[in-house]
Every structure is written in structure tokens, then in C-alpha cells.
Protein chains: 2
Amino acid sequence: MTDAFGSDDQQIIHGDCIELLAEMPAESVDVCFADPPYNLQLQNELYRPNRSRVDGVEDGWDQFDSMHAYDQFTAAWLTAVRRVLKPNGTLWVIGSYHNIFRVGRILMDLGFWILNDIVWIKSNPMPNFRGVRFTNAHETLIWAVRDKERKDYTFNYEHMKQYNDGKQMRSDWFIREGICSGFERLRDAEGKKLHSTQKPEAILRMVVEASTNPGDLVLDPFVGSGTTAAVCKKLGRRCIGIDANEDYVQIARKRLAAIQPALWLEEPGEAAAGE
Amino acid sequence: MTDAFGSDDQQIIHGDCIELLAEMPAESVDVCFADPPYNLQLQNELYRPNRSRVDGVEDGWDQFDSMHAYDQFTAAWLTAVRRVLKPNGTLWVIGSYHNIFRVGRILMDLGFWILNDIVWIKSNPMPNFRGVRFTNAHETLIWAVRDKERKDYTFNYEHMKQYNDGKQMRSDWFIREGICSGFERLRDAEGKKLHSTQKPEAILRMVVEASTNPGDLVLDPFVGSGTTAAVCKKLGRRCIGIDANEDYVQIARKRLAAIQPALWLEEPGEAAAGE
DNA sequence: GGTTGCTTTGAATCTCGGT
DNA sequence: GACCGAGATTCAAAGCAAC
């Protein structure tokens, strides 16, 4: 099985995901996992409806304009993803209350059919230091099939039972690793984290094991530090990862090169217990 | 403290919530808790593996002609609620993936500022009988302040610590009582449930204790079986509950009449442990 | 009175193939 | 697309009867 996957089965491509997706063949992707940007202010990247980058301060955008621009951006990439997804392919999107309601509403309107919303419950969330809200201890994932009428999407129901004591897996996922810290976190020579929102591999492992089979093609339009591609390589899935940031592309490629193909493919239960 | 609250401090009113809210004075409500129709869109009947039929939500109030009609309905009641809320008042809405993304998006667009999204995690959810999705084991609440710039909304930060071993309360709520069954569930003489979606008092207790003080005015535009009003009476909060269904109004009024005012107000910690 | 085991049920977008 | 029959499919908590 391992030999079936060559070094090109996981690719990291630099560029604008909407442009690159337009060049891909339609209905060719089994699953898309997307971790879209949502804190536009912190990233200093606001998007106009035509997706040109603007300076939010000098343009004096108010909340509505900013939200509208985010909606346009969201609809654009979701539409592009929808075209390349197989009709029975599924989409995963992760987000927080800042963006997940907008993303969820838009993907419903585009025709995606929600299968589940999943809550990733963190064991070590960042506290609310000022004590003015509840600790934000979870993030939300939406799982949706491209075409409502397709019931033959991939869901490895029996396989996922191992993550809930042999009973059917629930929509609340307690990930022991919590937020990404410790040895898994990619850091530079000075110990500075290389990506601000690196997701734990455990999350992607659940996603990939639940909704794909070995050899399937996974698309990540916002690959960031490359967690999706890394997990795909370990699980023997093909992957196309895209990022507009050249630095992230280099980080993800380097990370990928150090991974042994199909590392987790042999004994998933044992490997899961041993980590 | 108990004597300060008379029998009219919690009222159940029959009528259309949008019309009734229009007659209320503006900026007079401290907190709104809303459990709107989820628009479940159930298609076929569902049977358990033992061939018994699932008694789903088939009520007329959950039927909408289209997604657009649901959005319009949502925007209308949220707008009406917004007018009667104090500028530093907060709004709670509960929902599932069927509706919460639409509701969340709309309330953001109306100017509400989300403080937290909360996940109510159920200890005993209904399983996914066909094994085609993850067990839907949670529902989502959105907590938002009316005006973004108001930082003086009520949040009883220290009080809520008791529900998380003395540490700051998190956004994931494990409610021991789980789904509303057993003695708490209101039933008629034949044992048939009086309301198809009665919420556990434990949820409302968390909501009311977190975001109101004794004497505050709570509004519930979809009062249903009257859980919000019941909890408000036990916690010494005033409450206006509205429902368009005359039967539900009678059920809620009867339920309210049997409750001792401020029952839970004396020793919250002890009461919580003893139930 | 306490324990055991069977029955019931809960906001659910829950199949597939042939005619 | 509608209808029908075969076939595959469930977890925790509460209620209740039996012992």
C-alpha cells in the first residue's frame, strides 16, 4: 500500500486558490477541508467584492462593509471548491463564532447540504483574561455533501467507532492534544511559531479517516502550515494544498518532506492509542 | 427577597410576538432568551432498528415555505426584540445546524455583537439510527449584546465559576440532565408530551444566572412549555413570555402557578448540588 | 425496600434497488 | 419521480414490573 503513493501524491501549490481551482478539472476532488481566514483585521487583509486587497484603516471601512467583503470572499472560494468537488464529495470548514455563521449560511445557499456540525472541544483553551465572557473552549466544523440528493458520500461509520469506545461517534470531539502546542507545533530557530493558527493533526486525522478512503484526493485551499497535507501523507491519501503565502508554502513543503508515507495506515487503532 | 416578587412578575401572553413586541416600550428588557423554530425540514418517517417509529417534530410551527421565508421570519422577530432590548441588554438564541448559521448571520447583520457561542452537550442524545452521520449530540446557543460598544452588559463571571470547579466557565456546557425527559417533562393524562421540544431547566438556569441579576426583566418570544418563565420565577427574575399557540400559553401558565417564587435564590451552590 | 432486567423514548434534515 | 419491499441499523436515561 505504501509503495502505491509516490512523492507527488501530496502537492503544495503557491497562488490564489480561486484562480488555481479554476484551472483544475471539475468534479475531481473527493473531499475539501478548509480553514479559511477570518480575523481580517489582524491579518491586515481586507477583501473588496472583487477580492483586491485593501488597507482597512485608510479606507475607513465600517463593520458592514467589512462583513460584506468577507461574505463575497467566502462565496467566491466556496463556489470554486464546489466546481471541483465530485457530486458525492464532501466539504469540511472549520471556524469560530467570528465567521462560522456567515460561512455556514453561505454554503447552504450555494447548495451544499449539511451532514453534521462538529464541535472540537479543547482541553487547554486560551482563558478569557479579562473575565468578561465565557472561555472560548471550542471551535466548530461544518461537514456537508456537495449535492443534497447524493447519499453515497464516504463516511467510515464503523471505523470511527474506535474513537468513542466502540459506539457510534458523536458530534462533540474531545481532542486530547487540545490546541496545537508542544512538540507538534512548528517553530523557527528562535522558537517563534511559524503559523498563527496551526491545527492539531488529530483534528485532521478524524476528518480524513471519517470521510475518505486511501488513495482519495483531498483539497485544502488554505493549507497554511500544511497539517492537512501532512495527515494525508501519513494516511495514504492524495492531497492538493494551496496557499497564497509563499512562506507558508515553503514551511508546508519542508514539513511534508520529513514525513514517512502511509505512516499511520497499517494499524490505525494501535497508532491512535499510542500517541 | 422572596416577598419582593409578586404573582405578576412572570407573565405569559398569548399572541404574535412581533405584534406584541411592537406595543412594548423600547429599551425596557434586560435579556431575551429565544428558542425559535429550527425549520428541521424532515422529509420521511424515521424508524429505529427495532422498527418503532420516531416521534419527530411535525408541528405546524416548524414548517416554512422556503429558506427565504425562514430568513424573513428570523429577521422580523430579531428586529422586534432588538427594539425592546436595553442597549446593554443581551440576547440568547438556541438552535441546531439546521438554523443556527442563518440566525447567527442575521443577528450579526442587525448589529448584535456576539459575545460567545455556547455548545450544550447532551449526555443522552438520540443516536443516528442508520449510521450515516455522526450522532447529533449538541445544540448551539449564541450570546450577543445589543450594542457592540456597550461593555457594561451583565455577566456574573465569579458566580459562574461554581459550574467549572471554581475556574472560569467555558463555552462547552455539559448538562447532566441531558435531554428533557423523566419527571421534568410535561405530559398529559395519556403520557403524551405536551410540547415536542421542551428545554431542560438546567439550560435556562445557566443562561439566567450568567446574564441577569434578581429583579431583571427577561423576555422569551417563543415561550412554548414555559421553561424560561419557570426558571425566572425560581430565580427571582421578572419575565414576559409570549407564544402564538393558545395551548402552550395555558400549559406555561399552569406550570408557572405551581412554582414557589425564588425557590433557587437562597443558596445557589447548595441547590445546584442537591438536585 | 432494594435490585434486576425489560420497555420506552428523545429538535432527526438517517437506504437502496427495482418497477 | 413515486411506490414498495428487502435489508441494515441504536445509546443513554427513565419508567416500570418482577422478584
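Proteins come first, then strands; the chains are lettered A, B, ... in the order of their sequence lines, and each starts at number 1. FYI, side chains are in, hydrogens and waters are out, and symmetry mates aren't considered; it's all heavy atoms of this structure. The structure displayed is predicted, hence computed values, not measured ones.
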TODO: Provide, to the nearest angstrom, the distance between the CZ atom belonging to B:R51 and the P atom belonging to D:dT10.
DONE: 15 Å
- [ ] Whenever both distances are under 3.5 Å in a Watson-Crick or G-U wobble pair, mark it; put DNA chain D into dot-bracket that way, with [ ] for crossing pairs and | when the partner is on another strand.
- [x] .|||||....|||||||||
TODO: For nucleotides 9-15 of chain C, just jot down a letter per nucleotide in 5' to 3' order: B, S or -, based on protein non-hydrogen atoms under 4.0 Å.
DONE: BBBBBBB
Open item on the list: Just verifying a value: how many Å separate B:D55 CG and B:E45 CD, rounded to the nearest 0.5 Å?
Closed with: 10.0 Å
Open item on the list: Using atom P in both nucleotides, what's the gap between D:dC4 and C:dT13 to the nearest angstrom?
Closed with: 26 Å
Open item on the list: Distance alone, cut at 3.5 Å: any donor-acceptor contact between the side chains of B:H68 and B:S66?
Closed with: no
TODO: Could you pick out which residue, A:E158 or A:R170, lies toward the 5' side of DNA chain D when each is mapped onto its nearest nucleotide?
DONE: A:E158
Task: P-based separation of D:dA12 from C:dC14 [nearest Å] - done: 22 Å
TODO: Verify whether one side chain among A:D117 and B:H138 offers a donor that lies under 3.5 Å from an acceptor in the other.
DONE: yes
Open item on the list: Less than 4.0 angstrom between a side-chain N/O of A:Y157 and OP1 or OP2 of D:dT10, yes or no?
Closed with: yes
TODO: Starting at atom CE of A:M169, determine the distance to atom P of D:dT9, rounded to an integer number of angstrom.
DONE: 20 Å
Task: C:dG10 to D:dG7 separation - C1' atoms, rounded to the nearest Å - done: 25 Å
Open item on the list: For A:D147, is there an ion pair with A:R82 - N to carboxylate O distance below 4.0 angstrom?
Closed with: yes
Open item on the list: Under the rule for salt bridge (charged side-chain N to carboxylate O under 4.0 Å, His left out), what residues qualify as partners of A:D35, not counting sequence neighbours?
Closed with: A:K199
Task: Polar side chain donor-acceptor pair, A:E209 to A:H159, under 3.5 angstrom - done: yes
- [ ] Starting from C1' on C:dT8, measure out to NZ on B:K192 and report it in whole angstrom.
- [x] 16 Å
Open item on the list: Say we look at D:dT10 and C:dT8: how far apart would their C1' atoms be, to the nearest angstrom?
Closed with: 13 Å
Open item on the list: Distance check needed: D:dA8 P versus A:F155 CZ, whole Å only.
Closed with: 19 Å
Open item on the list: Going by the glycosidic torsion and a 90 degree boundary from 0, is the base of C:dT13 oriented syn or anti?
Closed with: syn
- [ ] Let me see the working for B:F174 and A:F174 under ring-ring contact (aromatic ring centres under 6.0 Å, His included), right down to the final yes or no.
- [x] CA-CA 13 Å; B:F174 294 82; A:F174 295 81; 5.5 Å; yes
Open item on the list: The test is ring-ring contact (aromatic ring centres under 6.0 Å, His included); show your working for A:Y153 and A:W113 and say whether it passes.
Closed with: CA-CA 11 Å; A:Y153 54 86; A:W113 190 246; over 10 Å; no
Open item on the list: Would you say A:W92 and A:S211 are linked by a side-chain donor-acceptor pair, where the criterion is simply a distance under 3.5 Å?
Closed with: yes
- [ ] Give one of base, sugar-phosphate or nothing for B:Y47, where a contact means two heavy atoms less than 4.0 Å apart.
- [x] nothing
